[in-house]
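The analysis underlying the following values was restricted to heavy atoms, covering all of them including side chains, and did not include hydrogens, waters or symmetry mates.
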2 protein chains.
Amino acid sequence: MRELVKSFKALSDETRLRILKLLLERECCVCEVMQALDISQTRASRNLSALYDAGFLELRKEGLWSLYSIDQEGVKAYMSDLIEAVDKGLEGKEVAALDRERLRKAKRVGPECVRRSRR
Amino acid sequence: MRELVKSFKALSDETRLRILKLLLERECCVCEVMQALDISQTRASRNLSALYDAGFLELRKEGLWSLYSIDQEGVKAYMSDLIEAVDKGLEGKEVAALDRERLRKAKRVGPECVRRSRR
DNA sequence: TCTTTATATGCGCATCTACGCCTATATTCT
DNA sequence: AGAATATAGGCGTAGATGCGCATATAAAGA
């Protein structure tokens with residue numbers, strides 16, 4: 001689950017999505033990214049790193065260039081994590097002690113948790 | 001694309017993922033969510049709203065309760081957006097003027113964009 | 001009507017995030 | 001070696017985010 005949060009964080013930024021869009025076309029160096037998206041070098045570099053750290057990109061060094069490209073395996077892993085998570089209800093059960101019927105019968109029409117948590 | 005960023009933002013929080021996990025089990029009121037996840041009322045309410053605003057939840061009022069549940073249609077829409085986005089390279093082309101070969105031939109071995117953007 | 005209870009929200013604060021500026025590092029060319 | 005260039009990273013800051021506290025609102029029930 002923690003892994004999923006990390007992936008979603010990496011994807012919840014317009015600049016990074018634009019970078020992904022660009023890299024879906026083809027492998028690019030930082031310079032090309034900054035040109036194509038008309039953003040600063042720092043910004044391009046930082047966001048590429050972020051996507052890399054999240055496992056969405058591959059990095060290949062060639063001379064002065066850092067060539068980034070989509071990491072097919074990483075994306076595949078993300079997609080299958082996502083699908084599996086939904087499939088099995090995001091791992092384990094969170095419900096546990098939850099039982100609305102029981103609470104209803106226990107006199108109170110609903111849990112008076114607010115009050116309890118206040119004092 | 002903007003819509004996707006919004007969705008990813010909503011999903012990039014552990015509390016909200018736990019809420020989704022819970023709601024995959026069954027519909028819950030705010031009280032139940034705060035109990036099951038052992039979080040404050042404010043926190044439960046705010047995060048439920050966030051998921052609702054992002055289109056992942058449905059809301060049904062019954063007496064004093066706000067009953068939240070997974071919005072099947074919303075999730076479906078998200079998944080298809082996601083898949084379609086990847087499929088068509090996240091809408092439109094970003095590459096445009098990008099041409100590494102051209103740049104290579106233009107004397108410079110690589111774009112000297114850093115320098116250019118500095119002054 | 002008065003009380004209880006569930007939920008939502010304004011305010012303030014601590015923290016996180018994105019990014020610009022500047023500089024260090026590394027590689028290549030002369 | 002010295003110069004040019006591509007990239008990364010430190011530092012500072014503005015803005016976003018998460019959340020607790022207190023309170024407003026609304027729906028029942030007594």
*asked:* Strictly below 4.0 Å: does A:N47 bring a side-chain N or O up to OP1 or OP2 of C:dC19?
replied: yes
*asked:* Without decimals, in angstroms, what is the distance between B:R16 CZ and D:dT17 P?
replied: 9 Å
_Nearest heavy-atom neighbours spanning B:E27 and B:E32_ = O-OE1, 4.3 Å
_List the residues meeting side chain to side chain donor-acceptor pair (under 3.5 Å) with B:E58, not counting sequence neighbours, and say none if there are none._
none
*Quick one: which of D:dA8, C:dT5, C:dA18 gets closest to the side chain of A:Y68?*
D:dA8
*asked:* Is there a side-chain contact between A:F8 and B:L17 in this structure, where contact means two heavy atoms from C-beta onward sitting under 4.5 Å apart?
replied: yes
*With the side chain of B:T15 defined as its heavy atoms from C-beta on, choose the nearest nucleotide among D:dC19, D:dT7, C:dA26.*
D:dC19
*asked:* B:K76: which residues meet the salt bridge (charged side-chain N to carboxylate O under 4.0 Å, His left out) condition with it, sequence neighbours left out?
replied: B:E73
Mind listing the N/O atom pairs, protein and nucleotides 9-13 of chain D, below 3.5 Å?
| from | atom 1 | to | atom 2 | distance (Å) |
| --- | --- | --- | --- | --- |
| D:dG10 | N7 | A:R46 | NH2 | 3.1 |
| D:dG10 | O6 | A:R46 | NH2 | 2.7 |

*Start at the 5' end of DNA chain C and walk down; is the nucleotide closest to A:S40 or to B:L59 reached first?*
B:L59
*asked:* With nearest nucleotide decided by heavy atoms, which residue, B:L48 or A:G63, maps closer to the 5′ end of DNA chain C?
replied: B:L48
*May I ask you to verify if any side-chain N or O of A:Y52 is less than 4.0 angstrom from the OP1 or OP2 atom of D:dT7?*
no
*Is it true that A:L64 and A:L59 fall in one hydrophobic cluster, defined by side-chain heavy atoms closer than 4.5 Å?*
no
*Taking 4.0 angstrom as the limit, do B:E14 and A:K6 come out as a salt bridge?*
no
*In whole Å, what is the span from the CD1 atom of A:I39 to the P atom of C:dG20?*
8 Å
*Expressed in angstrom and rounded to an integer, what is the separation of A:E14 atom CD from C:dC19 atom P?*
11 Å
*Following the transitive rule for hydrophobic clusters with a side-chain heavy-atom cut-off under 4.5 Å over Ile, Leu, Val, Met, Phe, Trp and Tyr, establish whether B:F56 and B:L82 coincide in one cluster.*
yes
*Counting side-chain heavy atoms from CB outward, which of C:dA8, D:dG20, D:dT7 is closest to A:C31?*
D:dT7
_4.5 Å side-chain heavy-atom contact, B:L67 and B:C28_ = no
_Expressed as a whole number of angstroms, how long is the span from A:D38:CG to C:dC19:P?_
13 Å
_Rounded interatomic separation in angstrom, taking CZ from B:R43 and P from D:dC21_ = 12 Å
*C:dT7 C1' sits how many Å from B:L51 CG, rounded?*
16 Å
*Specify the residues of residues 6-13 of chain A, ordered by number, for which at least one heavy atom lies under 4.0 angstrom from an atom of DNA chain C.*
A:K9, A:D13
*Tell me: CE of B:M34 to P of C:dT7, nearest whole Å?*
9 Å
*Provide the full list of ring-ring contact (aromatic ring centres under 6.0 Å, His included) pairs with a residue in residues 27-50 of chain A, sequence neighbours left out, each pair given once.*
none
*asked:* Tell me the interatomic distance from A:D53, atom CG, to C:dA18, atom P, rounded to whole angstroms.
replied: 12 Å
Name every donor-acceptor pair, under 3.5 Å, that has one atom in a side chain of residues 44-54 of chain B and the other anywhere in the protein, sequence neighbours excluded.
| from | atom 1 | to | atom 2 | distance (Å) |
| --- | --- | --- | --- | --- |
| B:N47 | OD1 | B:R16 | NH1 | 2.8 |
| B:N47 | ND2 | B:R43 | O | 2.9 |
| B:S49 | OG | B:S45 | O | 3.1 |

